[in-house]
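Notes follow the structure.
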Amino acid sequence: MARVTASAYTSHVPAIGAALDHGRTHEPYWQKVFGGYEFSKDWLQANRPDVVFLVYNDHANAFSLEIIPTFAIGTAAEFAIADEGWGPRPVPKVIGHPELAAHIAQSVIQEDFDLTIVNRMDVDHGLTVPLSLLCGQPQAWPFRVIPFAVNVVQYPVPSGRRCFQLGQAIRRAVESYDEPLRVQVWGTGGMSHQLQGPRAGLINREWDNRFLDRLIADPAGLAQLPHIEYVREAGSEGIELVMWLIARGAMGDVAGGPAPRVAHRFYHVPASNTAVGHLILENAN
Ligand code: DHB
Ligand code: FE
């Protein structure tokens with residue numbers, strides 16, 4: 001059977017992608033960011049997944065305000081690269097896993113989570129920056145990716161509680177797939193940042209670090225936080241952090257297994273206008 005072997009969490013700041021693509025990673029400003037991912041690249045080589053179930057949010061590249069799915073699963077064989085701002089990044093296209101994606105859709109929808117099935121979807125920095133941070137700049141991505149887009153842009157957005165429950169259903173779906181695949185679930189976005197209005201530039205180190213502590217040790221409690229707390233404490237775009245609860249819900253301890261091992265933890269301010277957070281948790285299988 002397939003297994004969820006680990007989960008990884010990271011910010012997806014678009015300026016990080018631009019720094020990589022324009023060869024600026026060795027500048028002192030960016031070294032402090034990329035330095036936090038050196039361990040992760042080695043770790044990923046040593047703990048190579050077959051498939052990454054990558055939870056991210058689209059920034060009006062695949063979905064405009066005309067159609068806003070709350071949870072969208074990418075079931076296509078491949079996904080083209082798109083972006084606003086700096087434009088589409090010069091990175092490899094993303095190869096999907098239609099069979100596993102269809103199985104997860106079947107299982108999770110049967111468990112009453114109403115996913116939108118997307119057979120064609122371009123992917124933006126929300127998905128490509130995490131891939132670059134953990135894989136570097138390969139000719140082709142070294143594993144298949146199931147893109148899972150969550151609406152955290154247009155209210156009403158899903159609650160942390162709903163995301164955490166969905167992660168648990170995704171784990172059950174993966175573990176009922178009849179092929180011995182190693183699957184990682186990644187949660188992306190965050191940490192504290194606000195890109196608009198009078199509070200633009202807001203960063204809250206203390207809150208971010210408490211979020212990381214609780215994500216590790218008290219995810220069920222953390223899942224109870226209301227939206228207003230994310231927005232008040234972590235800024236309007238800090239709401240992206242609810243996506244991390246999907247990945248956390250997919251870990252074995254939530255289903256009664258042993259606590260995960262913290263393989264890596266990193267926090268840094270600033271990257272562009274945001275705080276950068278990153279965590280890797282391994283399931284004790
Ligand atoms: C920026 C955009 C994002 O989507 C994000 O998550 C963080 C920062 C930006 O434009 O700086
Ligand atoms: Fe974002």
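Both ligands and their constituent atoms are indexed starting at 1 by order of listing. Heavy atoms only: backbone and side chains are in, while hydrogens, waters and symmetry mates are out. When a residue number appears, it is its place in the shown sequence, counting from 1.
Ion pair E111/R172 flagged as a salt bridge, since at least one NZ, NE, NH1 or NH2 atom sits closer than 4.0 Å to an Asp/Glu carboxylate oxygen.
Between W244 and F164, the distance separating the two ring centers is not shorter than 6.0 angstrom.
Side-chain contact, R205 with S192: no donor N or O sits under 3.5 Å from an acceptor N or O.
Around the Fe ion (ligand 2), protein N, O or S atoms at less than 2.8 Å comprise H12 NE2, H59 NE2, E240 OE2.
Counting only distance, with no hydrogens or angles, the side chain of E240 and the backbone of G126 share no donor-acceptor pair below 3.5 Å. Side-chain N or O atoms of D124 include one that pairs as donor or acceptor with a backbone N or O of H59 at under 3.5 Å. Looking at D208, its side chain never comes within 3.5 Å of a backbone N or O of F211 through a donor-acceptor pair. Between the side chain of R89 and the backbone N or O of D21, no donor-acceptor pair lies under 3.5 Å.
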One line per pair, note the atom names and distance for all nitrogen or oxygen contacts under 3.5 Å between ligand 1 and the protein.
unit_1	atom_1	unit_2	atom_2	d
ligand 1	4 (O)	H59	NE2	2.7
ligand 1	4 (O)	H125	NE2	2.9
ligand 1	6 (O)	H12	NE2	2.7
ligand 1	6 (O)	H193	NE2	3.1
ligand 1	6 (O)	E240	OE1	3.0
ligand 1	6 (O)	E240	OE2	3.3
ligand 1	11 (O)	S272	OG	3.3

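R24 meets the salt bridge (charged side-chain N to carboxylate O under 4.0 Å, His left out) test with E27; sequence neighbours excluded. Among residues two or more places apart in sequence or in another chain, the salt bridge (charged side-chain N to carboxylate O under 4.0 Å, His left out) test is passed with K32 by none.
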